[in-house]
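Here the structure is laid out as structure tokens; the discussion comes afterwards.
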Amino acid sequence: MYNAKAYSAASATSPLASTKIVRRDPTEHDVQIEILFCGICHSDLHTVRNEWKDAIETVYPCVPGHEIVGRVTKVGSAVSKFKPGDLAGVGCMVDSDGVCPECQAGLEQFCPNVIYTYNSPDKHLGGITYGGYSDSVVVNERFVLRVPSNLSLAGAAPLLCAGITTYSPMRHWGVTKGQKVGVVGLGGLGHMGVKFAHALGAHVVAFTTSPSKKEDALRLGADEVVISKNADEMAKHAGSFNFILDAVAANHDVNAYINLLRRDGNITLVGAPEKPHAIAAFGLIMGRRSLSGSLIGGIAETQEMLDFCGAHNITADVEVIPIKKVNEAYERLLKSDVKYRFSIDMASLKSE
Ligand code: NAP
Ligand code: ZN
């Protein structure tokens, strides 16, 4: 065991602050990684503030962070995929049982025994797992990803959650050239959704509550931008979408988007607000539309997404911050003031 530097929250109402945590020495299947950048996902904020307590209670102290890129510093004797000096990524999961039907299907995120990168039982040290707001992490090699070397590391970190969470449902629902695809909410996830839908050849419409993001949305790959508070603008798109990805972190009227789907169209929710949505049955019944959800993506698909990003030179648009600005960044997330992902430069933790 060894001490690592980290930022943790002591309670749902405490700011994140500098601390020391214990990490395990790498076992034979483990990879030890020096963390270089970690993205800030809105899920970090939901968890730190215990907003998901009805589904998963947060255990404190909580060290969030599941958009990790870094360099391998040590590997266990049985590790074959990585060697010291390699670039490596870690997303939302660090373990699963490996034998259930979900794992066998490459869908580890749905394994009943999945271990998340933070706030999950730690079978090695007891207590709970600690995430990437830290200078190092030790992870079983099955859950370590290869990061294409042509990508900027600060911009690649968010691919490990925001990237896979938007890529996976688009692949699942068959987004392809010629389709009309909507992306709701231009935050960390949404801006990646726009990039992927564009790269997959769709006609992309971005929906935002922030008129100031219009120019950016077009630059990111949207063909059209709709200010969602404007009912007339919304009405022009009624019944026209094959697929809509809803990446909004707060409660909002999902029915307004269901009504924009064509027959057999699908809207997938990836945003996970604190309170349940109210859904009108008629919106779904009329036109046999469907509403579904999606959780990150499996490990093989995460690697596929990273390789796709390497080939198409896709990264997140990031604002790089030192770790001491993390609490300020959380307040800005709540004001939709992020362009379009905060990425923590973990070198800043050295002076803490
Ligand atoms: P984020 O960066 O804070 O972006 C959320 C965006 O939602 C905002 O930038 C804003 O975009 C829009 N928005 C915020 N409040 C709104 C409101 N009241 N009404 C309408 N739109 C609003 O968050 P994120 O990191 O992308 O995460 C988004 C959600 O996905 C979070 O709930 C997060 O926990 C969840 N998530 C889910 C998964 C999964 O596997 N399913 C994975 C990661 C994250 P505009 O300014 O453009 O309106
Ligand atoms: Zn996330």
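The figures here come from the full heavy-atom set of this structure, side chains too, leaving out hydrogens, waters and symmetry mates. Counting begins at 1 with the first residue of the sequence. Indexing begins at 1, ligand by ligand and atom by atom, following the structure's order.
- For ligand 1, the atoms lying closer than 4.0 Å to a non-hydrogen atom of Leu189 are 24 (P), 25 (O), 26 (O), 27 (O), 30 (O), 36 (N), 43 (C), 44 (C).
- Under a 4.0 Å criterion applied to the non-hydrogen atoms of Lys213, ligand 1 contributes the atoms 9 (O), 11 (O), 45 (P), 46 (O), 47 (O).
- Remark: Asp317 engages Lys195 in a salt bridge, criterion side-chain N to carboxylate O under 4.0 Å.
- Nearest non-hydrogen protein atom to atom 25 (O) of ligand 1 is Arg341 NH1, 2.6 Å.
- Looking at ligand 1, you won't find any N or O of His252 less than 3.5 Å from one of its N or O atoms.
- Ion pairing between Arg49 and Glu331 holds under the 4.0 Å rule for side-chain N and carboxylate O.
- At least one N/O-N/O distance between Ala272 and ligand 1 falls below 3.5 Å.
- Ligand 1 has an N or O atom lying under 3.5 Å from an N or O atom of Leu186, backbone or side chain.
- Within ligand 1, the atoms closer than 4.0 Å to a non-hydrogen atom of Thr165 are 38 (C), 39 (C), 40 (O), 41 (N), 42 (C), numbered from 1 in the order shown.
- Judged by the shortest distance from any of its heavy atoms, Gln109 lies outside the 4.0 Å radius around the atoms of ligand 1.
- Atoms of ligand 1 lying under 4.0 Å from at least one heavy atom of Gly271, given by number and element, are 29 (C), 30 (O), 32 (O), 35 (C).
- Nearest heavy-atom pair, Ala272 versus His46, reported as atom, atom and distance to 0.1 Å: O-NE2, 3.6 Å.
- Protein-derived N/O/S atoms nearer than 2.8 Å to the Zn ion (ligand 2) total 3, waters excluded.
- Rounding to the nearest 0.5 Å places NZ of Lys339 at 10.5 Å from CG of Leu220.
- Proximity of Ala247 to ligand 1, defined as any heavy-atom pair under 4.0 Å, is confined to the backbone N, CA, C and O atoms.
- Per-residue contacts place Ile296 under 4.0 angstrom from the following atoms of ligand 1 (heavy atoms of the residue considered): 39 (C), 40 (O).
- When only non-hydrogen protein atoms are considered, atom 46 (O) of ligand 1 lies nearest to Ser210 OG, 2.5 Å.
- Residue Tyr340 places no N or O, backbone or side chain, under 3.5 Å from any N or O of ligand 1.
- Members clustered with Phe282: Ile285, Met286, by chain and number, using a 4.5 Å side-chain heavy-atom cutoff among hydrophobic residues.
- When only interatomic distances are considered, the shortest N/O to N/O separation between Trp52 and ligand 1 does not fall below 3.5 Å.
- Of all atoms in ligand 1, numbered sequentially from 1 with element shown, those under 4.0 Å from a heavy atom of Ala250 are 15 (N), 16 (C), 17 (C), 18 (N).
- Here Ser294 has backbone heavy atoms under 4.0 Å from ligand 1, and that is the only part of it that gets that close.
- Within the listing of ligand 1, atoms 40 (O) sit less than 4.0 angstrom from a heavy atom of Leu295.
- Remark: Asn266 pairs with Thr268, Ser290, Ser292 by the side-chain hydrogen bond (donor to acceptor under 3.5 Å, both in side chains) rule, at least two apart or across chains.
- Listed by number with element, the atoms of ligand 1 under 4.0 Å from a non-hydrogen atom of Thr208 are 45 (P), 46 (O), 47 (O), 48 (O).
- Residue Gly190 places no N or O, backbone or side chain, under 3.5 Å from any N or O of ligand 1.
- Of all the heavy atoms of His42, the ones lying under 4.0 Å from any atom of ligand 1 are found in both the backbone and the side chain.
- The residue among Ile40, Val270, Asp253, Asp246 with a heavy atom at the shortest distance from atom 37 (C) of ligand 1 is Val270.
- Evaluation of the ring-ring contact (aromatic ring centres under 6.0 Å, His included) rule for Phe342 yields no partner, not counting sequence neighbours.
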